Amino acid sequence: MYQPVKRTPLLLTFVFIILIATACSSSKNEFSKKDVKRSQKLAGLDFDKKYIDTLYPYLKRNKEGYDTLRKYTLDNDVIPAVRFDPLPLNFTPKEQAGFPEWEIPNDVQLPAKEADLAFYSIPQLASLIKNKKISSYELTQFFIERLIKYNPLLQCTITITEKMALEQAKVLDAELAAGNYRGILHGIPYGVKDLMAVEGYKTTWGAEPYRNQQIEMTATVVEKLQAAGGVLVAKLVSGSLARGDVWFDGKTKNPWDTKQGATGSSAGSGSATSAGLVPFALGTETLGSITSPSNRNGITGLRPTYGRVSRHGVMSLSWSMDKVGPMARSAEDCAIVYSVITGKDSKDGMTTDFPDGFEPKKNYKTLRVAYLKKDIDKDTSLSKDNLEKALKTFKEMGITLDEVELPKDVPYNSFDVILRAEAGAFFDDMVRAEEVDKMVEQDQRSRANSLRQARFIPAVEYLQANRHRQVLIEKMQAIMKDYDVLISPTFGNKQLIITNLTGHPVIAIPTGLDKEKHPTSITLVGNLYDEASILLLAKAFQDQTEFDEMHPEGYTD
């Protein structure tokens, strides 16, 4: 069994770095030897008085250094010099074939009932625009009107970018008339989670302290979508500072059951896509924020490998865990959007240029697939029946399923300190200025409370957790090296925390409705930098089923 390294008194001086710096005003910043002695209990220490006497002057000098650090301003896009690398030892990314030239059907017609247009796929909408059966301006107006109509019920939208969207749509229509077609996203509206900066518009991060924040830049992913012909119609709700579905003006609802929240934190992206207020949206995930709202709202959500998609211009919660990905109605739609937003970005040093791609016509039966049988067998949720039916469908498709288990003997409860410590660093100024007190939620599980407690995470424990994280990466690689896809329950096991820590890509796909008529899903896990395999199997599953074509009632009136 892996044994943690014993710590020395010298290393443990870091324990007090955060503890001593908790006061927000200079009048409260003085500390005594008794304070040091009492603070030991938090880290499980009990130094002799003579060692505290020795430490005390050292800690005072440390504090002077902390005070000096705070005199300098850090821009939001500054990443710590200690950077996370998800690569296991001796790991070689799988070769990829690149992205295809997306097929656009020619036989798509406008629906007899205009509202049904809301649930067309990206290729169907592209066909209508390319063949000039509808203009981008008309389609953009259509989705803006839906956002205006249903937002009071769903509370999924923070800002409708109407002026910019209609201007973009006019330009794209003129280009098409002149014979310039940008590709499959030409003229198609979309939304983004309001963690992503867009010049000229507020970027609120869903939180009261930032309600009026305007960041005069545009996130790389938005620039890429705009260049591909996408039309941004809305900045959608993020749960407050990327937590949950509660934001400064309300709680985002699940279109299938508006008594439920949409879950978070990509709540707006999940709700709006599900209700047909946008054809697709971008979300972010640190620990479930694409997966959870995709599951709750009955859509498909792709969380790419860590570092595949630029986070430049996107709020940071955890530099070593944040990912940006597409949320849409199908795996094919996710693949189309992903093909545009993926890639190395000189403005984000964490992005990679490893081989990338997707082969929609590849024989999915060549994939090596395993599943978490024990986790599925012990599932007691309402989604279990649909989970088992999905497994049966995979077998009927000709897929051989091997049984595997997730890594054991891992200190899972300790990993929470990584996210909390990094979030505490990013929002340190807000906490010290007591702006955190303005956030809507202030209970024990709130983001506000999480940011306050971050000041009490010792630096040594943060580093130790990351060392254990490296062990987890190697253990996960020992399992995944023999497979292309791992099938897992979306919730109810350790998969979500493991894959967010290790950086593996996942896709959550709908599997029907449970007995209470709520959507259910299953998650496919891929190897690092191999989104192609999970997209392939997800698309094959959706070709055999109709779950991705479901949509909630009451949104085509």
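Because the structure is predicted, anything quoted here is derived from the model rather than measured.
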Between [X] and [Y], is any pair of side-chain heavy atoms under 4.5 Å apart?
X    : Y    : result
L406 : I498 : yes
Q226 : V231 : no
W247 : V440 : no
I418 : S320 : yes
R308 : F354 : yes
V237 : T157 : no
M196 : V324 : yes
M476 : I473 : no

Whether F31 and Y56 hold their rings parallel, tilted or perpendicular, with breakpoints at 30° and 60°: perpendicular
Plane angle bin for W205 and F427 - parallel if under 30°, tilted between 30 and 60°, otherwise perpendicular: perpendicular
Say whether [X] and [Y], considering side chains only, have a donor N or O and an acceptor N or O under 3.5 Å apart.
X    : Y    : result
S383 : T520 : no
E435 : Y210 : no
D345 : T351 : no
D356 : Y338 : yes
Q214 : Y201 : no
Y150 : Q155 : no
N493 : S488 : yes
T286 : D322 : yes
Q464 : R467 : yes
T204 : D194 : yes

If every non-hydrogen atom of [X] is compared with every non-hydrogen atom of [Y], which pair is closest and at what distance?
X    : Y    : answer
L535 : I507 : CD2-CD1, 3.8 Å
D379 : L387 : OD2-CD1, 3.7 Å
W256 : S274 : NE1-OG, 3.3 Å
K438 : P209 : CB-CG, 4.3 Å
A262 : N297 : O-ND2, 3.2 Å
Y306 : M350 : OH-CE, 3.1 Å

Any chance you could measure [X], atom [atom1], to [Y], atom [atom2], to the nearest 0.5 Å?
X    : Y    : atom1 : atom2 : answer
L451 : L241 : CG    : CG    : 6.5 Å
T161 : I144 : OG1   : CD1   : 6.5 Å
D53  : F47  : CG    : CZ    : 13.0 Å
F280 : T273 : CZ    : OG1   : 9.0 Å
H518 : N254 : NE2   : CG    : 6.5 Å
E474 : T502 : CD    : OG1   : 11.0 Å

Side-chain (K224) to main-chain (S310) donor-acceptor, under 3.5 angstrom: no
Test item: K475 side-chain N/O and K408 main-chain N/O as donor-acceptor pair under 3.5 Å: yes
What residue among [options] forms side chain to side chain contact (heavy atoms under 4.5 Å, CB included) with [X]?
X    : options          : result
S289 : K323, K193, R243 : K193
V314 : V192, T284, V222 : T284
M327 : I290, V337, L236 : I290

Heavy atoms of other groups near K251 NZ, more than 12 under 6.0 Å: yes
Greater than 12 external heavy atoms within 6.0 Å of Y412's OH: yes
Salt bridge (Lys or Arg N to Asp or Glu O under 4.0 Å) partners of residues 267-292, not counting sequence neighbours, each pair once: E285-R303
Stepwise side-chain hydrogen bond (donor to acceptor under 3.5 Å, both in side chains) test for T490 and S521: CA-CA 6 Å; T490 297; S521 71; 2.8 Å; yes
Under 3.5 Å donor-acceptor pairs involving side-chain atoms of residues 75-83, not counting sequence neighbours:
none

Qualifying side-chain hydrogen bond (donor to acceptor under 3.5 Å, both in side chains) pairs with a residue from residues 440-449, counting only residues at least two apart or across chains: Q442-R452
Residues D249, R211; criterion salt bridge (charged side-chain N to carboxylate O under 4.0 Å, His left out); working and verdict: CA-CA 10 Å; D249 263 350; R211 177 193 282 263; 3.3 Å; yes
Within 45° cone of F143 ring axis and under 6.0 Å: R146 NZ or CZ: no
Under 4.0 Å between a side-chain nitrogen and a carboxylate oxygen: does that hold for [X] and [Y]?
X    : Y    : result
D353 : K344 : no
R70  : D67  : yes
D333 : R329 : no
R296 : D245 : no

